[in-house]
Amino acid sequence: MGNQQSSTGGTPSSPGRSTPGHVSPSNQTDPTGPSSQLGAGSGHNINNSSISSSSSRPLAGGVSSLFGGRDRSGSTSSTIGRSKSNSVSLPSPPTPPGLIDGGHLHPQGLYSLRPAAQDYSHPVVKGLIIEKKLAPFYRGLEDYEDDWTDEQVGQGLREVRQAQAAQAEQEAADELANAAGTTMSLPTASGSSSSSSAIPATTTAGSIRKGLKIAVGGKDKKEEKERAAERERKETRAYKGAVECPICFLYYPPNINTSRCCEQPICTECFVQIKRAEATITHLESEPAACPYCMETDFGVIYEVQKIARPETLMATSPSSADNVVDPRADGQTPRRKSVSSKSKAVVTIDQIRPDWEDKLNAVKAQAARRASRRIIMHRVGDRLIPVGYTSSRTSVPGTDTGPITTEMTQEAFQQFMAAAAGGRGVRSGSVSGSPGSGGPRRSSRRGEREGVNDLEEMMLMEAMRLSMLEHEEQQKREAEAKRKAEQQQGSAGEPLTDASGFLQPRPASNTSSSASSMRNVGSVPGPQPGPSALGHVPHTGGLLAQPAESSPLSGTPITRSEVDVRQPQRPDLINLDSDAAIDPAAYRRN
Amino acid sequence: MSANLPKRILKETERLVADSPPGIEAHPHEDNLRYFDVKIDGPGGSAFEGGIFKLELFLPEDYPMAPPKVRFLTKIYHPNIDKLGRICLDILKDKWSPALQIRTVLLSVQALLGAPNPDDPLANDVAQHYKDDEKGAIAVSKEWTQKYAV
């Protein structure tokens, strides 16, 4: 923190310039490290003016403003001179700069710090913490007793910090293994020791990439120690009268958020984990989260910063100046607050910190719509089912679905396909052109819209079809061979014998000698039978719709067209087994 | 894995073992602290009275944000518990709340034994039996309790 001060020229009397240091996002910054970065510039009210306006409160100036001058709770002590000598000599990582009410702007590792587990909007949450509408992220104490001394609390916090560093190191290592290079662009990573840079950059990278980098050369180490000690005192003080978060079972300063409805405490780290149930392909709805305590819908919390216990001497700083924080308890300590509407300005709801929830829901709906209307079209040749294409909807919103598009192989495509199959080459999906019905250009334009994933699916599909073709061709060859032999022995051409069940179909040599020619017949089965638009929606009637093929010269051979729902059976998300209650012991023991 | 065990799970386990609710026992496996062996006494006055039912309980990775998975291991004739031991209980599904705990979940399961609800069945045949002939169904439940849970 001292670096910011000297580099920005922010003297104690110019809080407006120096305050950006408060929002330094890196809580593990080595105090001796040469650089730091700021969270400013992420576009969420983290700017000099908003901070300086509130930090220009009485008593809030001076060096203390660097350590969280916005803290009107009274912890804005200006006792720089005193320093706990033991705090710095301990092996634990130092208390980071930038405390807000003794807390932090980013999660402390209670839940996994992987980005997937921290999927709320970081800039929004940071902004809310700075605006004091949401409690900062505090370190949770494992234990706390009301008669604990500051020293005991301090010890507890140091232990938490050590554990954090270890965990962060672990996660950082995992992270490196997985996603090297994507997140390590933070400037602190270079200059500091491994343990101090251990909080994975991912936790904050999204919002602070653009953060300022302030490099400072030669600074006073002693001053730094004093500041670290001051920070630690400040943090420790916040935990007076700590309360247990009923969700993570850790102890936090008494001012942490409370539910808007039933006024139960909840730490910010647990709060940001509560979200709408995510829509799935089988459940296309996303209900707002209910209060975990009283099940009231539209969960929201209120942060009442003044609940922080403060030294008597600083009571004078209690907030009376204008502030945009709505405070239902400002006048008189009512024993219990009434339920506050989720629309109230003081309330932070779970939708507020995940502004993208609706987009996500729509994305799932779109995906479901695409899948629902996508089926493989099979042609039945004798006892064989030959996949010749698939249907797919180009529209994504169910209400505006204009019906699936049928993609089928034309004769030529089919021949190409067979030729490729015969040659043993992989068939590129591009070799399938549009059917006469859908038209080539339309299809290609649709291809352009699709994502890579779908292309991959398509290719796998084509590969499966190719293998099926190969097998079919082989079988036909064998049959033709057998037939020819039989004919030679009998010496008569004979009528095609067709088993009633459609199983064995001896064919005239003219038709079976070339599999391509017989395939052509298959491929030429025109679309009008089950209309393409019906394919995606008509419930299956027994799975196989046996229909004689009018164009086949092999009147005895049933060439049927049917559709088989193949809905990618290997995708577990599509199999609704309702297996949540079932426990697979093997899976558990893996852990 | 257990190195990353959330403090909540450790604390919950401690409290559960130290002070378990009457008629309920839960012990974590030594090699997997997320996996519990559970025993629940059939509630007095119910068809399951006198039985001691074994269950397994697993705390998934995202517990407590996701509900624990609970399953009966002892065979039981109950309209809301199927033959695989799966339990139809709203708090184990969409009504889960992270403020609930292993303790409260097991108490709810115990309460479910005392109050079968054939209108929201998981085992359809049992539920139908309970609806058509409650006395007969209760007799079967008692019989199964004697046969499998004593």
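Proteins get letters first, then strands, A, B, ... in listed order; numbering begins at 1 in each.
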Problem set entry | Electrostatic pair A:Glu244:B:Arg15 at N-O distance under 4.0 angstrom | yes
Does [X] have more than 12 heavy atoms from other residues, nucleotides or ligands lying within 6.0 Å of its [atom1]?
{"X": "B:Lys54", "atom1": "NZ", "value": "no"}
{"X": "B:Ile52", "atom1": "CD1", "value": "no"}
{"X": "B:Glu134", "atom1": "CD", "value": "no"}
{"X": "A:Lys275", "atom1": "NZ", "value": "yes"}
{"X": "B:Lys147", "atom1": "NZ", "value": "no"}

Exercise. Hey, are the side chains of A:Phe249 and B:Glu14 touching, using non-hydrogen atoms and a 4.5 Å cut-off?
Worked result: no
Problem set entry | Side chain proximity check, A:Leu110 to B:Lys7, heavy atoms < 4.5 angstrom | no
For this session: Mark yes or no for whether B:Lys11, through its side chain, and A:Glu142, through its backbone, hold a donor-acceptor pair below 3.5 Å.
Result: yes
Exercise. Between B:Ser97 and A:Tyr293, which heavy-atom pair has the shortest distance, and what is it?
Worked result: OG-N, 4.5 Å
Exercise. Looking only at heavy atoms, what is the nearest atom pair of A:Ile274 and B:Pro98, with distance?
Worked result: CD1-CG, 4.1 Å
For this session: Against chain A, label B:Glu12 side chain, backbone, both or neither, depending on which of its atoms sit under 4.5 Å from a heavy atom there.
Result: both
Seminar exercise, completed: Output for pair (B:Lys95 NZ, A:Met295 CE), nearest 0.5 Å, gives 6.5 Å
